[in-house]
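Let me begin by presenting the structure, written as structure tokens, before commenting on it.
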2 protein chains.
Amino acid sequence: MANNPRTLRIDLASPRPVYEQIVSGLRAVLVAGEFEPGDQLPTVRQLAVDLGVHHNTVAESYRVLAEEGWLDLRRGRGAVVLDRRDPRPTTEAKQGFGRRLEELVAKAITDGVPRSALADQMAALAKKLGKT
Amino acid sequence: MANNPRTLRIDLASPRPVYEQIVSGLRAVLVAGEFEPGDQLPTVRQLAVDLGVHHNTVAESYRVLAEEGWLDLRRGRGAVVLDRRDPRPTTEAKQGFGRRLEELVAKAITDGVPRSALADQMAALAKKLGKT
DNA sequence: CGCAGTTGTACATTGTATGCATACAATAGG
DNA sequence: CCTATTGTATGCATACAATGTACAACTGCG
């Protein structure tokens, strides 16, 4: 059984739905390649205990990721990471990223994060993506 | 009275709350400097009609932006853009941006957007921020 | 083969949030 | 003043999030 991704943290006080935080966090972990195809994710009950939520909440998250093609879910067996092939991007997906990125930056600026720090982080991530 | 920001678009079909879409979109507009301090934003009722939602929904968005220090709200007078001073950033704000950025990228990759396209958009925005 | 344990799933319940309708309060401008 | 305009408050219908509980499918050991 694979370990629990340590980078996964959720905020129960956040207005953002917990199951969505789990989806978003796990998706980042999967994209980062922390798990190989064939690896087992924690069971819904195990991860639920670790995060302090109900197992149905985790199950809902796993279902979203399965729908996206990241996971194979089966009773008694658990959640297995799949060898995923990227779909064709819609124009909405491409434009959506740009808008969301601007909105994310605007929020950070509103929170007082210096623009230089934002530029640095984006440049660093862009560089990492380019190396692939 | 100032014009309506044309870049503001909302999606009633999205699971994302409409009032939050308005907040996020308007915040990006304000950060971009489309409005000067002292400018009037559309009235809650006017913007509500333009977007096809109830004026209370817009009012809720304006209240959030007022709380963030972007707007001054008064009955009979409308919403006036303030000369805002950036607050001290919390460590949570700084770390939060990095995590959210990774999650946003992961979602785009899941949707099939090429990594090169993501890197390009981030590099472009980083450059624009640096020039300020 | 059987059977106990494990794992994901289905469904009902409860609390909360979203968006709207409606009425109200404060201000502007004649 | 008085009326129109603007943001605000309250109550409601509805939908969603998270949970409690029971169930179905699969594993693995005897």
Side-chain angles (χ1 to χ4, degrees), chain A residues 1-4 8-26 30 35 38-82, chain B residues 1-4 8-26 30 35 38-82:
Chain A
M1 182 173 343
N3 270 349
N4 211 331
L8 190 57
R9 292 281 182 285
I10 64 171
D11 176 14
L12 292 176
S14 166
R16 200 174 169 205
V18 172
Y19 87 93
E20 193 188 310
Q21 297 183 47
I22 298 173
V23 168
S24 197
L26 275 185
L30 290 167
F35 289 88
D39 281 356
Q40 292 263 344
L41 250 55
T43 69
V44 292
R45 283 172 176 81
Q46 182 58 51
L47 185 53
V49 169
D50 293 352
L51 298 177
V53 298
H54 196 273
H55 65 262
N56 271 352
T57 300
V58 176
E60 172 64 20
S61 304
Y62 276 19
R63 249 172 262 137
V64 173
L65 292 171
E67 194 110 352
E68 291 179 354
W70 285 111
L71 303 181
D72 179 64
L73 295 177
R74 289 201 201 164
R75 312 186 198 193
R77 193 185 296 186
V80 178
V81 176
L82 293 177
Chain B
M1 182 174 343
N3 271 349
N4 212 327
L8 189 58
R9 292 281 182 285
I10 63 170
D11 177 14
L12 293 175
S14 166
R16 200 175 169 203
V18 172
Y19 87 92
E20 193 188 311
Q21 295 182 48
I22 297 173
V23 168
S24 198
L26 274 184
L30 291 166
F35 290 88
D39 282 355
Q40 293 263 343
L41 250 54
T43 68
V44 292
R45 284 173 176 79
Q46 181 59 51
L47 185 52
V49 168
D50 293 352
L51 298 178
V53 299
H54 197 271
H55 66 262
N56 270 353
T57 301
V58 175
E60 172 64 21
S61 303
Y62 277 20
R63 250 171 262 137
V64 173
L65 292 171
E67 194 110 351
E68 291 179 355
W70 284 111
L71 303 180
D72 179 64
L73 295 177
R74 289 201 200 164
R75 313 185 198 193
R77 193 185 296 186
V80 178
V81 176
L82 293 177

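Basis for what follows: all heavy atoms, side chains included, without hydrogens, waters or symmetry-related copies. By convention in this document, chain letters (A, B, ...) are assigned in the order of the sequence lines, proteins followed by strands, and residues within each chain are numbered from 1. What you see is a predicted model, and the numbers here were worked out from it, not measured in a lab.
- To the nearest angstrom, C1' of dG15(C) lies 15 Å from CG of Leu12(A).
- Within the structure, a side-chain polar atom (N or O) of Thr57(A) is placed less than 4.0 Å from OP1 or OP2 of dT19(D).
- Taking atom CD on Glu20(B) and atom C1' on dC16(D), their separation rounds to 14 Å, with Å as the unit.
- Atom CG of Leu47(B) is separated from atom P of dT6(D) by 13 Å (rounded to the nearest Å).
- Toward the 5′ end of DNA chain D lies the nearest nucleotide of Gly78(B), the other residue of the pair Gly78(B) and Val53(A) mapping further downstream.
- Within the 4.0 Å cut-off from OP1 or OP2 of dA24(D), not a single side-chain nitrogen or oxygen of Arg75(A) is found.
- Distance from the side chain of Thr43(A) is smallest for dT7(C) among the nucleotides dT7(C), dT22(C), dA17(D).
- Shown here are the salt bridge (Lys or Arg N to Asp or Glu O under 4.0 Å) partners of Arg45(B), two or more places apart in sequence or in another chain: there are none.
- With dG19(C), dT22(C), dA18(D) as the choices, the nucleotide that has an atom nearest any side-chain atom of His55(B) turns out to be dT22(C).
- Nucleotide dG19(C) holds its P atom 12 Å from the CG atom of Leu51(B), rounded to whole Å.
- Atoms CD (Gln40(B)) and C1' (dG7(D)) sit 12 Å apart, rounded to a whole Å.
- Along DNA chain C, the nucleotide nearest to Arg45(A) and the one nearest to Gly76(B) differ in position, and the one closer to the 5' end is contacted by Arg45(A).
- Residue Arg77(B) has no polar side-chain atom (N or O) positioned under 4.0 Å from OP1 or OP2 of dT27(C).
- For a distance-only test at 3.5 Å, the side chain of His54(A) qualifies as a donor-acceptor partner of the base of dG20(D).
- Between Thr57(A) and Leu51(A) the shortest side-chain heavy-atom distance does not fall below 4.5 Å.
- A straight line from OH of Tyr19(B) to C1' of dA17(C) spans 8 Å, rounded to a whole angstrom.
- In plain terms, the two heavy atoms of Leu71(B) and Ala79(B) that are nearest each other are CD1-CB, 4.5 Å.
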Taking it one step at a time, do Leu26(B) and Trp70(B) satisfy side-chain contact (heavy atoms from CB on, under 4.5 Å)? CA-CA 10 Å; Leu26(B) 274 184; Trp70(B) 284 111; over 6 Å; no
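- Contacts of residues 60-74 of chain B with DNA chain D (heavy atom under 4.0 Å): Arg63(B), Leu73(B), Arg74(B).
- Put simply, the residue from Val58(B), Val64(B), Asn56(B) that forms a side-chain contact (heavy atoms from CB on, under 4.5 Å) with Glu60(B) is Val64(B).
- Following rounding to the nearest Å, Asn56(B) (CG) and dA23(C) (P) show an atom-to-atom distance of 13 Å.
- Ser61(A) contributes a side-chain N or O that, together with a main-chain N or O of Tyr19(A), makes up a donor-acceptor pair within less than 3.5 Å.
- Closest to the side chain of Ala79(B), from the set dG7(D), dG19(C), dT8(D), is dG7(D).
- Judged by distance alone, the side chains of Asp50(A) and Gln46(A) do bring a donor and an acceptor atom under 3.5 Å apart.
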